[in-house]
Amino acid sequence: MRAVRFHEHGGPEVLRVDDIDRPDLNDDELLVSVRTTAVNPVDTYFREGSYRPGDLPWIPGSDFAGVVEAVGVDVEEFAEGDRVFGTGLGNDRPGTCAEYVATPTDRVAHLPEGVGFDEGAAVALVGVTAWRALVDHAGLEPAESCLVHGGSGGVGHVAVQLAAATGARVTTTASGQYHDRLDALGTRTVLDYARDDLADAVREAGEPNVILDHRLDDYLQFDADVAAQGARVVGIGNEDVEAGFENVPAARSKELTVTLMSMFNTPDISAVLARLARLVADGKIVPEIAQVYSLDEVDAAQRDVIEESFLGKLVVEP
Ligand SMILES: NC(=O)c1ccc[n+]([C@@H]2O[C@H](COP(=O)([O-])OP(=O)(O)OC[C@H]3O[C@@H](n4cnc5c(N)ncnc54)[C@H](OP(=O)(O)O)[C@@H]3O)[C@@H](O)[C@H]2O)c1
């Protein structure tokens, strides 16, 4: 099969397409013919070596959607020919930027009729992240105010829709070019993240009870300043490795809960994927596909996910 691999850590140029054997199948695994895989910033961290994958050469990619080609002898809930999608690979086991992937069943769910492979791959990692942050960690409830920083991003655009689907009042930030589309995805208030009076504008929209923060080094103190009393802040990302409060008493007086998380720790990815699949099938979450690449273009896709501005997800069709 054709698979993208890096044989050493480095920039996008270390990625190349190799011809290798299909992965071996363990008794509790599925072999999936990959129709679409999605690109995430974390793919670049593994490639660069700031996150450590298994032994090189390594196949990047966490997300996949495709058709079950073969099932291990212990697998009961999936059958050959099933349409499935999943995430959580490319970390402790080889990734999904390949024509076939072997995956444990606890990282997979059925893809409903009417939901395309691109949508399935696009929603997987970012959807599980948004669910883990807003539902599991923050316990977001109807009519609460929720701030999602960076609503046009992969995580952001699914998070705003998930929050809206719970009945929360959603405020998000994004570049001006995306405001109309984010309005259409169910946000009540969309603000340019570059505006000088951002904190006042967020408070005016409703002091957030829940905040999803993908740039903790920029926004942790901001979060404390705008948050409602007793707010829950969930941090998923940062640009610099250091982040902290400049004014601890301001945060303390609000009795904030701050949770830092990694999607890879989600205990039952499969169950979350199954719920996300229903929301996508019902039109409550629309995964936006910004651009489609081929396996030969994964280097460009990994460059673009870091350097370019887009709304939604970049996907690869092997
Ligand atoms: N902990 C976890 O489990 C987990 C899971 C998924 C992702 N993450 C992390 O979360 C971050 C976002 O991931 P992603 O997949 O959503 O990435 P993405 O698709 O590249 O989205 C990032 C978004 O941030 C926006 N942005 C840039 N500068 C901003 C600023 N100053 N304020 C607010 N927004 C700004 C970008 O908008 P423009 O391009 O228009 O500037 C873009 O829409 C990454 O660091 C990723 O590694 C963590």
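Whatever order the structure lists them in is the order used to number ligands and atoms, beginning at 1. No hydrogens, no waters, no symmetry mates; every other heavy atom, side chains included, goes into these values.
Distances between N or O atoms of Gly312 and those of ligand 1 include no value under 3.5 Å. For the pair Val42 and ligand 1, the shortest N or O to N or O distance does not fall below 3.5 Å. Where the criterion is an N or O separation shorter than 3.5 Å, residue side chain and backbone included, Gly156 fails it with respect to ligand 1. Between Asn238 and ligand 1, no N or O atom pair is found at a separation short of 3.5 Å. The distance criterion of under 3.5 Å between nitrogen or oxygen atoms is not met by Tyr178 with respect to ligand 1. Residue Glu239 has no nitrogen or oxygen atom sitting less than 3.5 Å from a nitrogen or oxygen atom of ligand 1, judged on distance alone. Between Gly153 and ligand 1, an N or O atom pair is found at a separation short of 3.5 Å. For the pair Ser175 and ligand 1, the shortest N or O to N or O distance falls below 3.5 Å. Ligand 1 has an N or O atom lying under 3.5 Å from an N or O atom of Arg215, backbone or side chain. Considering backbone and side-chain atoms alike, Met263 places an N or O below 3.5 Å from some N or O of ligand 1.
Between Phe264 and ligand 1 there is no heavy-atom distance shorter than 4.0 Å. Judged by the shortest distance from any of its heavy atoms, His149 lies outside the 4.0 Å radius around the atoms of ligand 1.
With a 4.0 Å cut-off on non-hydrogen atoms, Thr129 touches ligand 1 through its side chain and not its backbone. Looking at Pro41 against ligand 1, only its side chain comes within 4.0 Å, counting heavy atoms.
Listed by chain and number, the residues in a side chain to side chain contact (heavy atoms under 4.5 Å, CB included) with Gln177 are Ser175, Ser309 (sequence neighbours excluded).
Phe6 does not carry Arg47 over the face of its six-membered ring by the limits of under 6.0 Å from the centre and within 45° of the normal.
Judged as a ring pair (Phe, Tyr, Trp, His ring centres under 6.0 Å), the pairs with a partner in residues 132-188 (not counting sequence neighbours) are, in order, His149-Tyr219, His149-Phe222.
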